[in-house]
Amino acid sequence: MLNNSKKLFSDAKKVIPSGVNSPVRYFEPYPFFVKRSQGSSLWDEDGNQFVDFCNGYGALLLGHTRKEIITAVSNQMKKGTLYTTPTALEIELSKLIINNFPSMKKVRTMNTGAEATMTAIRLARGFTKKKKIIKFEGCYHGAYDTVLVKAGSGSAHNGISISDGGLDEVSRNTLVVPYNDIDELEKTLSKNKDVAGLIVEPVLANMGLVLPEKNFLKDLRKITNQFDIPLIFDEVVNGFRISEGGAQQKFGIKPDITTLGKALGNGFTISAVGGKNEIMNLLSPDGKVYQASTYAGNPISVAAAISSIKTINKIKNKLYPKLERYCKIMVDEIDDLATDYKIPHTINSIASMFQIFFTNQKVIDYKTSKKSSTKKFHKLFTNLLKNGIFTAPSQYETVFLSDSHTDQNITKALGAYGLSLKAVKN
Ligand SMILES: Cc1ncc(COP(=O)(O)O)c(C=O)c1O
C-alpha cells in the first residue's frame with residue numbers, strides 16, 4: 001500500500017544520495033514519503049495515516065502544526081524572513097532561555113544542534129587553551145569530525161565508528177569513555193593533561209534511551225570541577241523535554257556550557273549555546289572564539305522558539321504530568337506484553353521518552369545497548385508501521401511523545417505494539 005512512496009524513493013535515489021537527506025531516514029525496503037502532518041499524525045503520499053512517535057527525533061514536543069507557533073511564524077513572515085541585523089526578538093528569546101536555564105548567563109542562537117555543540121567545544125578549547133575533548137561512547141552530538149567518534153544514532157546504526165573522510169588528526173583529540181563509567185573517566189583524566197572539555201548528553205537518547213545512574217551526573221560535575229575542565233551538557237534532546245529546564249533542572253546540576261536545539265523551536269531550525277559569562281564573553285567580536293552564520297537568529301526561527309517556550313511555560317503544569325502519564329502507561333503495557341510473549345527485553349524510560357531493547361540485560365551504556373537484537377527491533381518497527389504507528393526506525397533512537405497525543409493515540413499504539421510484539425515472538 002506504499003506504491004507512491006516506492007516510486008518516489010526510486011526517483012529520489014537518482015538525484016539524492018541513498019534517496020534521503022539524512023541517513024536515519026532510510027529503512028528497508030524504502031521509507032514512506034510524507035505529504036503533510038497535523039497534531040499527532042503524518043499522512044504519506046499514498047494516503048496512509050501514521051500516529052507519530054518519532055516527532056522529529058524529539059523536536060516536536062508540542063506536536064505538529066501547533067497553533068500558537070504557526071500563528072507566531074505566520075505573523076512574522078509578513079514582516080520579513082531575514083534581516084541579518086539584530087532584532088529585539090533575539091533579546092526576548094535569550095531572556096526566555098536564561099529564565100528556564102539559569103546556568104546559561106548569556107546565549108547565542110544558531111541553526112542546528114551540530115553547530116551548537118561545535119561552538120560549545122570551540123569555546124571550551126578557547127577558554128582552557130587545551131586541545132582534547134572527552135565524550136561518551138554512544139552519545140551523539142552532530143555529524144562532524146570531533147564528535148563523530150563512537151557516536152550513537154545513525155552512526156551506530158550504520159556501524160560507522162569514525163567516518164571516512166574524517167581526519168585522524170581531529171579524532172585523535174577526542175577521548176571516548178563508556179557512559180556511566182566514572183572510574184574509566186578518572187583514569188582518562190589522570191592520563192591526559194591536555195583536556196579542554198567534557199561533553200555529555202545527560203540523558204543519552206541516541207543509543208536507544210540510556211539513563212544516567214544514580215550519581216553519574218553529580219560525579220561528572222565533581223570531577224570536572226576537580227580537574228578544572230568545562231562541563232558541557234548537550235541538551236539538544238533533553239532541553240525542554242525532561243523538564244522546562246532540561247536535565248540540569250531535573251538532576252540539579254549546573255554545567256558550564258549548555259546546548260539546546262530540537263524542542264527549542266518545535267520543528268523550526270534553531271539551536272542555542274549558552275553558559276557562564278566568562279566563557280560566553282569569548283565569542284567574537286568581543287572575544288577571539290569565532291562563530292558565525294547567515295541564518296543565526298533569523299526572525300522566523302526566533303519567533304517559533306519564543307512561541308514554543310512561552311507555550312511550554314504556560315502549560316507546563318499540565319504538559320509534563322500528561323506526557324509522563326502516557327509514557328508510563330505505554331511502558332507498563334509494553335513490558336507486560338513482552339513478558340507475556342516471553343520475549344527477552346528491557347525498557348528504559350524517563351519523562352516523555354522510552355525505548356525497548358531485546359535483551360534481558362540492563363542497558364546502561366553503548367556495550368549493553370549493542371546486546372539488543374536489532375533484527376527483532378526491525379521486525380517490531382515494521383509491524384508498528386503496518387499498524388499505523390511510526391517510531392524512529394532504528395534501535396539506537398528513542399520513542400518520543402508529544403502534547404498532541406491523545407488517549408485514542410495511546411490505545412491505538414498499544415494495540416499495534418501487541419500485534420507487533422506477537423510478530424517479534426514468531
Ligand atoms: C543530543 C544531540 N546533540 C546534537 C545533535 C545534532 O543536532 P542536529 O541534527 O540539529 O545537527 C543531535 C541530533 O540528533 C542530538 O541528538
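As a basis for the values below, the full set of heavy atoms in this structure was taken, side chains included, without hydrogen atoms, waters or symmetry mates. As the structure lists them, so they are numbered: ligands from 1, and atoms in each ligand from 1. Residue numbers count from 1 along this sequence. Source: prediction; values computed, not measured.
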**Message:** Check for me whether the distance between the ring centres of Phe354 and Tyr326 falls short of 6.0 Å.
**Reply:** no
**Ring centers of Tyr396, Tyr366 separated by less than 6.0 Å** = no
**Complete:** Under 4.0 Å between heavy atoms, the region of Asn238 that gets near ligand 1 turns out to be neither
**Asked** Which one holds for His141 and ligand 1: side chain close, backbone close, both close, or neither close, with close meaning a heavy atom under 4.0 Å?
**Response** backbone
**Asked** Counting both backbone and side chain atoms, is some N or O of Lys262 under 3.5 Å from an N or O of ligand 1?
**Response** yes
**Prompt:** Within the structure, does Thr117 bring an N/O atom to less than 3.5 angstrom of an N/O atom in ligand 1?
**Reply:** no
**Contact check, side chains of Asn313 and Asn99, non-hydrogen atoms, under 4.5 Å** = no
**Item:** Heavy-atom check, side chain of Leu148 versus side chain of Tyr140, under 4.5 Å
**Value:** yes
**Message:** Suppose we measure from atom 11 (O) of ligand 1 to each protein heavy atom; which comes out shortest, and what is that distance?
**Reply:** Ala114 N, 2.8 Å
**Prompt:** Which protein non-hydrogen atom lies closest to atom 2 (C) of ligand 1, naming both residue and atom, and how far is it?
**Reply:** Tyr140 O, 3.1 Å
**Asked** Using a distance-only test with no angle check, is there a side-chain donor-acceptor pair under 3.5 angstrom linking Gln291 and Ser284?
**Response** no
**Prompt:** For Tyr57, is the nearest heavy atom under 4.0 Å from an atom of ligand 1?
**Reply:** no
**Asked** Quick one: does Glu115 get a heavy atom under 4.0 Å from ligand 1?
**Response** no
**Request:** Check ligand 1 against Gly113 and write out every atom of the ligand that is under 4.0 Å from a heavy-atom position of the residue.
**Result:** 6 (C), 7 (O), 8 (P), 10 (O), 11 (O)
**Message:** Evaluate Asp256 against Lys276 for salt bridge (charged side-chain N to carboxylate O under 4.0 Å, His left out), listing each step before the verdict.
**Reply:** CA-CA 6 Å; Asp256 301 301; Lys276 286 179 165 172; 2.9 Å; yes
**Asked** Ignoring hydrogens and geometry, is there a side-chain-to-backbone donor-acceptor pair from Ser372 to Phe358 under 3.5 Å?
**Response** yes
